[in-house]
Amino acid sequence: MAKIHVTATVNGDEVEFLCELEETLLDVLRDELHLTGSKEGCASGDCGACSVMLDGRLVCACLVLGVEMEGRSVETIEAMAAGDELHPLQQKFLEHAALQCGICTPGILVAAKALLEKKPDPTETEVRFWLAGNLCRCTGYDKIIRAVLDAAAEMRVS
Amino acid sequence: MEQMRYEAPDTVDAAVALLVGAGGETRILAGGTDLLVQLRAEWIEPDLILDVKKIPELTEISKENGGFRIGAAVTGAELGEHLGVKKAWPGVVEAVELIGSVQIQSRATMGGNLCNASPAADSVPALIAAGATAAIAGPNGRREIPVEDVGTGPGRTCLAKGEIVTSIFLPSRPAHSGDAYLRFIPRTEMDIAVVGAGVSLTLDGGGKCSAARVALGAVAERALLVDAAARALIGTPVDDAALDNLAKAASAAARPIDDKRGTKEYRIKVSGVLARRAAQAALERARQS
Ligand SMILES: Cc1cc2nc3c(=O)[nH]c(=O)nc-3n(C[C@H](O)[C@H](O)[C@H](O)COP(=O)(O)OP(=O)(O)OC[C@H]3O[C@@H](n4cnc5c(N)ncnc54)[C@H](O)[C@@H]3O)c2cc1C
Ligand code: FES
Ligand code: FES
């Protein structure tokens, strides 16, 4: 099947890739660009493990077609740490043990970062509602919520 | 398998021409939050996927005759950020904002919610209650029809080959008007409505209801406009007696099925309860506007 040529910006760099029409942005990121941080939990928009920023908005990469990416810009979990320096959210997730198997973690970090950019001082309820589209089968969520609130507090100070 | 084709034209005319010219099955792609799931599950195997997000007419919100024309491909997130629409039609905006998570809101559109034609689609009862119309473009020109006439059954619409919904029009609001949408789901987020109820009403200077529309979702093969429930409010001060009559009329109009989300009997009961609560919320907003 003929592949379609797409030019897009990924984590600040212009990239070109070939994709089939059925391939989602998640397939492209993982299989073509080898950015395997974004995970596939459900492939149906329910779990949020594939969360990325598309032109500044939080989306499920499994619900975007690769061909839709022409001329658009995506930011993934791979862009979160600055070199070896973890983002405060990543650091707090480690400190609070907010992950076990880690499948949900990249998506939750991307989603939480989007929240804190919009709302630096969210309430616990706001964090819980914002993360309603991110499922975690291991932690019971509480440690995740604590880590996000703690990171928010630290980011407001610094 | 035939090869699928993807097109993203930037005008309505080009989109209609592509749809008309295509052999086989065609699908419009707006936010893709229904379409991609259906593609993946291989429920549909279209020959042409027509992305409408590059058409400016479909992605803009504009003022028109005191109301708002909302492009069919405007996302839930964009609508929620539009203070004008939110102030005039809070019930419509709250219904759209109930669709999925933040991630889904970044992509989901009213046009997609309407044309996917799920009986449980959240924005549809609110739009019907609002008296919204859908603008449609096709090979025979343009037409505008009431939103309640678009869906005809689960997954089915009245759209003919080559037709696209281009926008949804929300009319201007008289003073002392309010609308509200409520749905019942077993959890607080991310679920499909067991019952949904939308109410829009207007009060006269003396506080009596001068106009009302009531709609129910998830209790029939498509969202229902319930005239009898609206009549229960009109001419009354929307007191307990009127609300009791409204609830009875809503329950009487519901003709749901049994499924894993709720029994028929339960849905009929909840239709009345939710319609009543939505009317009270709309009343509160009307008094404050
Ligand atoms: C995790 C998840 C949660 C969800 N939660 C809810 C919920 O709570 N409530 C709810 O109501 N829905 C929910 N949905 C369903 C879906 O998100 C909504 O129906 C949404 O509004 C669809 O919009 P879209 O732009 O993504 O549509 P698309 O998937 O792009 O299109 C849907 C259908 O409509 C057709 N179509 C789209 N635009 C047009 C147009 N302009 N003219 C003609 N035909 C058109 C398409 O061809 C397709 O058949 C959920 C979906 C997911 C994945
Ligand atoms: S993999 Fe995309 S939401 Fe689950
Ligand atoms: S840590 Fe395993 S799913 Fe969240």
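Quick caveat: nothing in here was measured; it's all calculated off a predicted structure. Convention: sequence-line order gives letters A, B, ...; per-chain numbering from 1.
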Is it the side chain or the backbone of A/Ala114 that comes within 4.5 Å of chain B heavy atoms, both, or neither?
neither
Are side-chain heavy atoms of A/Arg30 and A/Lys39 found at a separation under 4.5 Å?
yes
Against chain B, residues from residues 51-61 of chain A with at least one heavy atom under 4.5 Å, in numeric order, are A/Ser51, A/Leu54, A/Arg57, A/Leu58, A/Val59, A/Cys60
Which bit of B/Leu29 is near chain A, if near means a heavy-atom gap under 4.5 Å: side chain, backbone, both or neither?
side chain
Take B/Phe68 and B/His82 through the ring-ring contact (aromatic ring centres under 6.0 Å, His included) test and state the conclusion after the steps.
CA-CA 11 Å; B/Phe68 292 97; B/His82 195 288; 5.6 Å; yes
Tell me if a side-chain donor or acceptor on A/Glu23 pairs with a main-chain N or O of A/Glu20 at a distance below 3.5 Å.
yes
Interatomic distance, B/Tyr181 atom OH to B/Glu94 atom CD [nearest 0.5 angstrom]
9.5 Å
Looking at B/Arg5 and B/Glu7, is any side-chain nitrogen of the basic one under 4.0 Å from a carboxylate oxygen of the acidic one?
yes
Using a 3.5 Å distance criterion without hydrogens, assess whether the side chain of B/Asn113 forms a donor-acceptor pair with backbone atoms of B/Ala108.
no
Side-chain contact test, heavy atoms from C-beta onward, threshold under 4.5 Å: evaluate it for A/Thr123 versus A/Glu126 and give yes or no.
yes
Taking every non-hydrogen pair under 4.5 Å, which of A/Asp46, A/Val64, A/Thr24 racks up the most with chain B?
A/Val64
